[in-house]
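Heads up: the structure comes next, in structure tokens.
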Amino acid sequence: MKKLLLLLALAAAAVTGCREEPLARARFCADISPQNPCVGEDNVFIQGTNVWAHLILSPRFDDTAVTARFYGYQNDQRIFIESIHHELDPGQTLVMEQLFINLCGDFEIEWLDSSGNLLAKGEFEIW
């Protein structure tokens with residue numbers, strides 16, 4: 001019994017200890033400033049607010065470009081709005097895109113690498 005518990009403890013430690021941080025994560029901000037690239041981080045915004053979509057890249061990320069695909073929802077159907085391509089400078093860890101939206105609703109952005117692999121995605125709401 002003790003051997004079984006020891007094996008389970010070692011397996012749990014190995015699984016949790018081997019997790020790497022993701023290569024990227026998405027966030028949304030109400031504004032930016034020279035001192036703070038993300039003022040008012042949230043997933044819910046008031047209509048008329050300029051929403052900034054950010055992709056935060058790990059220093060391990062090694063690619064030359066990313067693409068943001070922007071979607072809205074209407075009658076529970078996801079509708080493609082636009083795609084925005086970003087060329088990356090070497091070592092760049094932040095990509096920002098200002099989204100001009102004057103509609104209420106639910107929205108989603110997917111960030112893809114240059115091969116089309118999903119890096120991160122996030123959803124936000126405007127009301």
Side-chain angles (χ1 to χ4, degrees):
M1 182 69 173
K2 286 184 180 181
K3 286 182 181 181
L4 179 60
L5 289 176
L6 180 60
L7 286 174
L8 288 174
L10 288 173
V15 169
T16 58
C18 294
R19 289 186 189 156
E20 288 187 18
E21 287 189 35
L23 286 178
R25 73 176 182 91
R27 73 176 175 188
F28 302 99
C29 310
D31 202 357
I32 63 171
S33 74
Q35 298 80 22
N36 186 352
C38 185
V39 177
E41 182 175 350
D42 206 341
N43 287 67
V44 178
F45 300 93
I46 296 171
Q47 185 178 13
T49 303
N50 291 325
V51 177
W52 287 84
H54 287 194
L55 177 66
I56 302 167
L57 297 165
S58 163
R60 296 181 295 112
F61 183 73
D62 185 29
D63 204 338
T64 58
V66 294
T67 299
R69 288 191 184 160
F70 183 47
Y71 299 90
Y73 285 88
Q74 186 175 32
N75 299 326
D76 294 325
Q77 296 290 322
R78 187 167 92 152
I79 300 168
F80 176 76
I81 297 174
E82 79 175 303
S83 181
I84 306 160
H85 184 78
H86 291 271
E87 294 292 326
L88 300 175
D89 294 325
Q92 184 174 348
T93 58
L94 178 62
V95 179
M96 298 187 297
E97 186 63 47
Q98 188 174 15
L99 306 173
F100 299 97
I101 307 163
N102 198 23
L103 300 171
C104 295
D106 295 320
F107 301 91
E108 180 178 84
I109 194 162
E110 293 180 339
W111 294 94
L112 309 171
D113 66 14
S114 61
S115 298
N117 299 311
L118 181 66
L119 294 169
K121 72 177 183 177
E123 297 177 354
F124 65 97
E125 178 183 356
I126 296 179
W127 53 271

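A distance of 6.0 Å separates CD1 in Ile84 from CD1 in Ile109, rounded to the nearest 0.5 Å. Atom CD of Glu87 is separated from atom OG1 of Thr67 by 8.5 Å, given to the nearest 0.5 angstrom. Note that CD1 of Ile101 is 4.0 Å distant from CD1 of Ile126, once rounded to the nearest 0.5 Å. Expressed to the nearest 0.5 Å, how far CZ of Arg78 lies from CD1 of Ile81 amounts to 10.5 Å. Once rounded to the nearest 0.5 Å, the distance linking CD1 of Ile79 with CD of Glu108 reads 12.5 Å. In this structure, the separation between CZ on Phe45 and SG on Cys104 is 13.5 Å, given to the nearest 0.5 Å.
Residues Pro37 and Met96 come closest through the heavy atom pair O-SD, 4.1 Å. Shortest non-hydrogen contact noted between Leu119 and Leu112 is CD1-C, 3.9 Å. The heavy-atom pair separating Ser58 from Pro22 by the smallest distance is CB-O, 3.7 Å. A pairwise comparison of heavy atoms in Ala120 and Ala26 identifies CB-N, 3.8 Å as the closest pair. Looking at every heavy atom in both residues, Val95 comes nearest to Gln92 through CG2-NE2, 3.9 Å. In terms of heavy atoms, Leu57 sits closest to Ala24 at CD2-CB, 3.9 Å.
Partners of Ile56 by side chain to side chain contact (heavy atoms under 4.5 Å, CB included), not counting sequence neighbours, listed by chain and number: Arg25, Arg27, Leu94.
Side-chain N or O atoms of Ser115 include none that pairs as donor or acceptor with a backbone N or O of Asn117 at under 3.5 Å. Glu125 places no side-chain N or O within donor-acceptor distance of the main-chain N or O of Asn43, the cut-off being under 3.5 Å. Side-chain atoms of Asp106 never come within 3.5 Å of backbone atoms of Tyr73 as a donor-acceptor pair (strictly under, hydrogens ignored).
Within a 6.0 Å sphere centred on CG of Asp62, other residues, nucleotides and ligands contribute 12 heavy atoms or fewer.
Among the candidates His86, Arg69, Lys121, the single residue satisfying the side chain to side chain contact (heavy atoms under 4.5 Å, CB included) test with Trp111 is His86. No option in Phe107, Trp52, Phe124 other than Phe124 meets the side chain to side chain contact (heavy atoms under 4.5 Å, CB included) test with Leu99.
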Asn50 vs Phe100, side-chain contact (heavy atoms from CB on, under 4.5 Å): CA-CA, chis, key distance, verdict = CA-CA 6 Å; Asn50 291 325; Phe100 299 97; 4.0 Å; yes
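Hydrophobic clustering (ILVMFWY, side-chain heavy atoms < 4.5 Å, transitive): Leu55 and Phe70 are in one cluster. Residues Val66 and Leu23 are members of one and the same hydrophobic cluster, defined by side-chain heavy-atom contacts under 4.5 angstrom among Ile, Leu, Val, Met, Phe, Trp and Tyr.
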